J.: 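One structure is given below, represented as structure tokens, and several questions about it will come after.
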Amino acid sequence: MAHGIIHSHLPRVLVVRPPESFSLYQSQYSHKFHFLKAWETSLTLDQFLSTHARNVQAMLSCGISPIKADLLCHLPSLRLVVTPSSGLNHIDLSECRRRGVAVAYAGSVASCDVADLAVGLLIDVLRKISVADRYVKQGLGASKTSYPIPLGSKLKGKRIGIIGLGSIGQEVATRLEAFGCSISYNSRKQKPSFSYPFYSSVFELATNSDALVICCGLSDQTHHLINKEVLLALGKEGVIINVGRGAIIDEKEMVQCLVQGDIGGAGLDVFENEPNVPKELFALDNVVLSPHRAAFTHETLASMRELAVGNLEAFFLNKPLLSQVMDN
């Protein structure tokens, strides 16, 4: 018998790989669900699924455990995938739809926190906060009379182009309007309820912006949406902020533009090949990096867990899901 596989009267929930905070799921909700922990066995994943999970109806997923056709084929009884994240690029939605598997996600729970970090990255890049922090901590301020930190730029009056005016993009727009910025956007379609100028072309948006803030999801349509042409259109003073997904930007081209001075700076919470980050960025004072932590506050992680568990409870009680992806 595989480690962690015991008889239980509780509803069974498959977990292929644990979310970062799985210990809290285990400690707080083990009286409600029997978690099948695939990583605690000596079996291969395929063997584990075939032996212990063929009758499982629900699973808890996260970004490091892709839900694709090759996994789903081992789970003929699966009817629900719950992910505690807002991003869905790790789930094959069309395959889930074909198999009649519902998908529930975090929705807009993290939107405010992600927007806060996006604005924080923008301010940091413009005002050189991280550069100044390193300068002070290295004791350079006490030993030099000159001020070697390059001057920053003011935020007020900047033209901000938001890519993806969903819940995160709207929160970013609200915050930056309060700073006196002018907002325009690109999205899958124009949103008549907003008066911001709309650009159907990302290139045109970049041409008319001082900074681009990427808030959209990753899909076949948005993969490498920000290419060299768009970066050059942003210009030598332009700044790019990414709190979406790393592969929305052609990272190789962005690194080259930053190194050569073709754009003015970048604030990045996500990367194309996480957890790997291009080492060329480490020495650049006009680049601020964060390890994909935009949604990671105590409050939001707790809300994500509660929503994920609420969806599982609703499913096993045959009630409507709280945050189902309706077009999956």
Side-chain angles (χ1 to χ4, degrees), residues 19-21 24-25 60-63 67 80-91 93 96-97 102-122 160-179 181 183-196 198 212-219 221-222 225 241-248 267-270 290 292-315 319-328:
E20 189 160 332
S21 58
L24 294 173
Y25 284 92
L60 179 66
S61 169
C62 60
I67 310 301
L80 174 68
V81 173
V82 174
T83 176
S85 71
S86 298
L88 295 167
N89 56 290
H90 62 294
I91 300 175
L93 296 177
C96 286
R97 180 175 61 245
V103 177
Y105 72 134
S108 60
V109 167
S111 296
C112 287
D113 285 338
V114 177
D116 286 347
L117 188 74
V119 174
L121 288 171
L122 178 60
I160 309 296
I162 297 176
I163 299 174
L165 200 65
S167 59
I168 296 172
Q170 291 168 29
E171 293 288 350
V172 170
T174 299
R175 285 155 175 71
L176 290 176
E177 272 194 302
F179 279 102
C181 299
I183 306 297
S184 55
Y185 74 101
N186 165 271
S187 202
R188 282 179 293 182
K189 56 185 178 180
Q190 188 169 3
K191 299 179 181 289
S193 57
F194 294 94
S195 60
Y196 309 131
F198 169 74
L212 293 179
V213 183
I214 299 173
C215 303
C216 62
L218 177 61
S219 65
Q221 291 72 39
T222 62
L225 179 68
I241 305 295
N242 192 1
V243 292
R245 287 292 185 268
I248 296 170
L268 308 170
D269 183 54
V270 288
S290 171
H292 202 152
R293 308 288 287 186
F296 282 36
T297 64
H298 293 294
E299 298 88 347
T300 287
L301 287 180
S303 296
M304 285 178 167
R305 286 194 301 274
E306 290 168 5
L307 182 57
V309 169
N311 277 308
L312 288 170
E313 289 178 325
F315 171 76
K319 293 182 177 181
L321 297 175
L322 305 179
S323 58
Q324 183 173 357
V325 180
M326 299 308 296
D327 61 346
N328 73 301

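Values reported hereafter were calculated over all heavy atoms of this structure, with side chains retained and with hydrogens, waters and symmetry mates removed. Keep in mind it's a predicted model, so treat the numbers as computed, not measured.
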J.: Please walk me through it: do S167 and S108 pass side chain to side chain donor-acceptor pair (under 3.5 Å)?
T.: CA-CA 6 Å; S167 59; S108 60; 4.9 Å; no

J.: For S184, check side chain to side chain contact (heavy atoms under 4.5 Å, CB included) against everything at least two apart and list the hits.
T.: P197, Y199, L205, S209

J.: Starting at SG of C112, measure out to CD of E299 and round the result to the nearest 0.5 Å.
T.: 11.5 Å

J.: Looking only at heavy atoms, which two atoms of V270 and G244 are closest? And how far apart?
T.: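 That closest heavy-atom pairing would be CG1-O, 3.6 Å.
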
J.: Mind checking the CG-OG spacing from L88 to S219? Nearest 0.5 Å is all I need.
T.: 11.0 Å

J.: Not counting sequence neighbours, which residues clear side chain to side chain donor-acceptor pair (under 3.5 Å) with N242? List them please.
T.: none

J.: If I compare all heavy atoms of Q170 with all of L165, which pair ends up nearest, and what's the gap?
T.: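 Shortest heavy-atom separation between Q170 and L165 comes out as NE2-O, 3.1 Å.
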
J.: What distance do S86 atom OG and Y105 atom OH have between them, rounded to the nearest 0.5 Å?
T.: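 Output value for this atom pair is 7.5 Å.
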
J.: Any salt bridge (charged side-chain N to carboxylate O under 4.0 Å, His left out) pairs touching residues 161-176, not counting sequence neighbours?
T.: D116-R175, E171-R175

J.: Distance check, rounded to the nearest 0.5 Å: E177 atom CD versus I160 atom CD1?
T.: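 Here the rounded value is 11.5 Å.
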
J.: With sequence neighbours left out, what residues match V309 under side chain to side chain contact (heavy atoms under 4.5 Å, CB included)?
T.: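 Per chain and number, V309 pairs via side chain to side chain contact (heavy atoms under 4.5 Å, CB included) with Y25, Y29, F33, E313.
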
J.: Taking side chain to side chain donor-acceptor pair (under 3.5 Å) as the test, write out the residues that go with Q190, two or more places apart.
T.: none

J.: Taking only residues two or more places apart in sequence or in another chain, which ones pass ring pair (Phe, Tyr, Trp, His ring centres under 6.0 Å) with Y185?
T.: F198

J.: Just to verify, what does R305 make a salt bridge (Lys or Arg N to Asp or Glu O under 4.0 Å) with, not counting sequence neighbours?
T.: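 By the salt bridge (Lys or Arg N to Asp or Glu O under 4.0 Å) rule, R305 matches no residue at all.
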
J.: Sequence neighbours excluded, which residues qualify as side chain to side chain contact (heavy atoms under 4.5 Å, CB included) partners of T174?
T.: none

J.: Could you report the tightest heavy-atom contact between A295 and D113, atom names first, then the distance?
T.: O-OD2, 4.3 Å

J.: To check you understand the geometry: which heavy-atom pair defines the closest contact between C96 and I91, and what is its length?
T.: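 Looks like SG-CG2, 3.9 Å.
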
J.: Considering all heavy atoms of both residues, which atom of P84 and which atom of M304 are nearest to each other, and what is their separation?
T.: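 Smallest heavy-atom distance, with atoms named: O-SD, 3.1 Å.
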
J.: Mind checking what makes side chain to side chain donor-acceptor pair (under 3.5 Å) contact with D269, not counting sequence neighbours?
T.: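 So D269 forms a side chain to side chain donor-acceptor pair (under 3.5 Å) with S290.
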
J.: Take L312 and L80, measure what side chain to side chain contact (heavy atoms under 4.5 Å, CB included) needs, and give me the verdict at the end.
T.: CA-CA 8 Å; L312 288 170; L80 174 68; 4.1 Å; yes

J.: At what distance, to the nearest 0.5 angstrom, does NE2 of H90 lie from CG of L218?
T.: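 Taking NE2 in H90 and CG in L218, the distance rounds to 12.0 Å.
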
J.: Apply side chain to side chain contact (heavy atoms under 4.5 Å, CB included) to A118 and list each qualifying residue two or more places apart in sequence or on a separate chain.
T.: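 Per chain and number, A118 pairs via side chain to side chain contact (heavy atoms under 4.5 Å, CB included) with V172, V213, I241, V243.
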
J.: By salt bridge (Lys or Arg N to Asp or Glu O under 4.0 Å), which residues pair with E306, not counting sequence neighbours?
T.: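 For E306, no residue satisfies salt bridge (Lys or Arg N to Asp or Glu O under 4.0 Å) once neighbours in sequence are set aside.
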
J.: Looking only at heavy atoms, what is the nearest atom pair of A308 and L60, with distance?
T.: CB-CD1, 4.3 Å

J.: Please check if the number of heavy atoms outside F179 that lie under 6.0 Å from its CZ is greater than 12.
T.: no

J.: Checking the side chain of N186 only, and the main-chain atoms of I163 only, is there a donor and an acceptor separated by less than 3.5 Å?
T.: no

J.: Run the side chain to side chain contact (heavy atoms under 4.5 Å, CB included) check on L122 and L176 step by step: do they pass?
T.: CA-CA 10 Å; L122 178 60; L176 290 176; 4.0 Å; yes

J.: Under the ring pair (Phe, Tyr, Trp, His ring centres under 6.0 Å) test, which residues partner F194, sequence neighbours left out?
T.: Y196

J.: Using modelled atom types only, decide if a donor and an acceptor are shared between the side chain of T222 and the backbone of I248 within a distance under 3.5 Å.
T.: no

J.: Could you tell me whether the side chain of L24 reaches within less than 4.5 Å of the side chain of L301, counting heavy atoms only?
T.: no

J.: Could you measure the distance from the CD1 atom of I67 to the OG1 atom of T83? Nearest 0.5 Å is fine.
T.: 8.0 Å

